[in-house]
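Just below is one structure, and these are the notes that go with it.
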Amino acid sequence: MDYDLTDIPVGYDRGRDHGPELLQLWMNFIASIVGNQRLNTILDLGCGTGRFSEALAAHFDSEVIGVDPSQKMLEQAQRKLRDSRVRYERGCGEAIPLANDSVDLVFMSMSFHHFTDHKLAARECRRVIRDDAPVIVRTGLRERIRSYPYVEFFPETVPIMENIIPTATFLRDVFESAGFRTVSSDLVVQEIAADYATYVDKISAGADSVLARLSPIEFQTGIEAMRAHAARVADKPVTEAIDVFVFR
């Protein structure tokens, strides 16, 4: 999906910013992977509005280059940029605008499925990353589609995700064919809203590229179903399980 042809960038932070606790959860996870390795330069590939970029820079005291193909998303990122260690560049996974052997970590958050040529993107990661440095891929998986919290309210999203979301086997094969080895795969549970009423508000922001493919009637029907559910479950928090793979 070309985000520059949509209104997704405008509501992206409202729909996807889940607070400092979630950022800290992921920074701690990344720290557990890199250990004592010094991260001078981090590539945030598919950075979107930069919701992880400044956290990466602050947590690891690193230069962070956020790369994304969407000019609208980068404009949102640049507008809120406060950390001089972070810079944003327009580019894509298949043609990363960085030199060979120039980064100590590649981090991808929910961007892998947007690549048009997955194998080329993996080879580009291999080109820009230094030897034995990690690539961390935070992603949805086709095997887990029906467990995602909004799917029961938007059943039309199932065939869409089956078409665009990778399987675990495909993801591993893509990176291993580019010269990486699979180090680990984990499931990280994150809280994305304190309750379903808050979750409905986030979904209503229109920040999800899968939901953006629905018709207005399908989207509105799902929102109404979510609101009815929110009234029944009251203050129950909403959690989401995210798969994360590490390659070296």
Side-chain angles (χ1 to χ4, degrees), residues 1 25-48 51-53 55-56 60 62-70 89-145 147-148 161-190 209-210 240-248:
M1 172 175 285
L25 170 72
W26 286 99
M27 295 307 105
N28 291 343
F29 179 88
I30 295 168
S32 74
I33 298 300
V34 301
N36 294 324
Q37 176 189 351
R38 169 65 186 152
L39 302 179
N40 293 306
T41 307
I42 298 172
L43 168 61
D44 185 1
L45 184 58
C47 65
R51 66 191 185 108
F52 285 101
S53 302
L56 288 165
F60 297 102
S62 302
E63 176 189 12
V64 175
I65 304 107
V67 172
D68 199 274
S70 168
E89 295 192 23
R90 193 173 186 184
C92 63
E94 295 85 352
I96 298 172
L98 298 177
N100 295 356
D101 306 315
S102 60
V103 302
D104 302 296
L105 169 69
V106 175
F107 176 73
M108 298 183 215
S109 176
M110 298 300 182
S111 57
F112 179 82
H113 64 282
H114 286 296
F115 299 148
T116 57
D117 188 329
H118 299 90
K119 290 186 175 181
L120 177 56
R123 291 197 298 271
E124 276 291 275
C125 288
R126 182 67 190 90
R127 178 182 66 79
V128 301
I129 203 162
R130 297 186 175 108
D131 284 344
D132 206 39
V135 174
I136 299 178
V137 183
R138 182 178 180 271
T139 186
L141 286 183
R142 194 177 305 170
E143 297 92 328
R144 219 176 299 284
I145 286 172
S147 72
Y148 300 141
M161 287 194 277
E162 287 176 341
N163 185 51
I164 65 174
I165 301 296
T167 64
T169 298
F170 178 77
L171 183 64
R172 283 193 294 264
D173 287 349
V174 163
F175 280 93
E176 289 175 2
S177 70
F180 291 95
R181 69 183 189 280
T182 302
V183 175
S184 63
S185 61
D186 293 280
L187 189 66
V188 177
V189 178
Q190 58 181 25
S209 62
V210 172
E240 183 179 51
I242 300 295
D243 285 273
V244 55
F245 288 75
V246 179
F247 305 98
R248 288 187 185 270

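Keep in mind the model is a prediction, meaning the values are calculated, not measured.
- With Arg142 contributing its side chain and Asn163 its backbone, the two residues share no donor-acceptor pair below 3.5 Å.
- Using a 4.5 Å cut-off on side-chain heavy atoms (C-beta onward), Ile33 and Leu105 make no contact.
- Heavy atoms only, all atoms of each residue included: Leu141 and Ile165 are closest at C-CG2, 3.4 Å.
- A donor-acceptor pair under 3.5 Å is absent between the side-chain atoms of Glu94 and the main chain of Leu120, judged by distance alone.
- Atom NE2 of His118 sits about 13.0 Å away from atom CG of Asp173, to the nearest 0.5 Å.
- Ring geometry for Phe245 versus Phe247: interplanar angle under 30°, hence parallel rather than tilted (30 to 60°).
- Atom NE2 in His114 sits 9.0 Å away from atom CG in Asp68 (nearest 0.5 Å).
- Looking at heavy atoms from C-beta onward, Glu63 lies out of side-chain contact with Asn40 at the 4.5 angstrom threshold.
- Across all their heavy atoms, Ile242 and Thr139 have their closest contact at CG2-O, 3.9 Å.
- Residues Ala121 and Phe115 share a closest heavy-atom pair of CB-CD1, 3.6 Å.
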Q.
Please determine whether salt bridge (charged side-chain N to carboxylate O under 4.0 Å, His left out) holds for the pair Arg126 and Asp131, giving the CA-CA distance in whole Å, both sets of side-chain angles, and the decisive distance to 0.1 Å.
A. CA-CA 9 Å; Arg126 182 67 190 90; Asp131 284 344; 3.3 Å; yes
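- Distance check, rounded to the nearest 0.5 Å: CD1 of Ile129 to CG of Leu43 gives 8.0 Å.
- The two residues Gly140 and Tyr148 have their closest heavy-atom pair at CA-OH, 3.2 Å.
- With contacts defined as side-chain heavy-atom distances shorter than 4.5 Å, the pair Cys125/Leu45 qualifies.
- Side-chain contact between Arg138 and Phe29 is absent, with no heavy atoms from C-beta onward closer than 4.5 Å.
- A heavy-atom distance below 4.5 Å is not found between the side chains of Phe107 and Val64.
- Annotation: side chain of Ile164 is in contact with side chain of Val210 (closest heavy-atom distance under 4.5 Å).
- In this structure the side chain of Met108 never reaches within 4.5 angstrom of the side chain of Ile136, judged on heavy atoms.
- In this structure, Asp44 CG and Ser62 OG are separated by 12.0 Å, a value rounded to the nearest 0.5 Å.
- When all heavy atoms of Phe52 and Ser109 are compared, the closest pair comes out as CE1-OG, 3.3 Å.
- Formation of a donor-acceptor pair under 3.5 Å by the Gln37 side chain with backbone atoms of Asp104 is found in this model.
- In this structure, Val189 and Leu25 approach most closely via the heavy-atom pair O-CD2, 3.9 Å.
- Arg181 and Asp132 are joined by a salt bridge, as a carboxylate oxygen and a charged side-chain nitrogen come within less than 4.0 angstrom of each other.
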Q) Can you list the steps and then say if Leu56 with Leu39 is a side-chain contact (heavy atoms from CB on, under 4.5 Å)? A) CA-CA 10 Å; Leu56 288 165; Leu39 302 179; over 6 Å; no
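- Arg248 meets the salt bridge (Lys or Arg N to Asp or Glu O under 4.0 Å) test with no other residue; sequence neighbours excluded.
- With contacts defined as side-chain heavy-atom distances shorter than 4.5 Å, the pair Ser102/Thr41 does not qualify.
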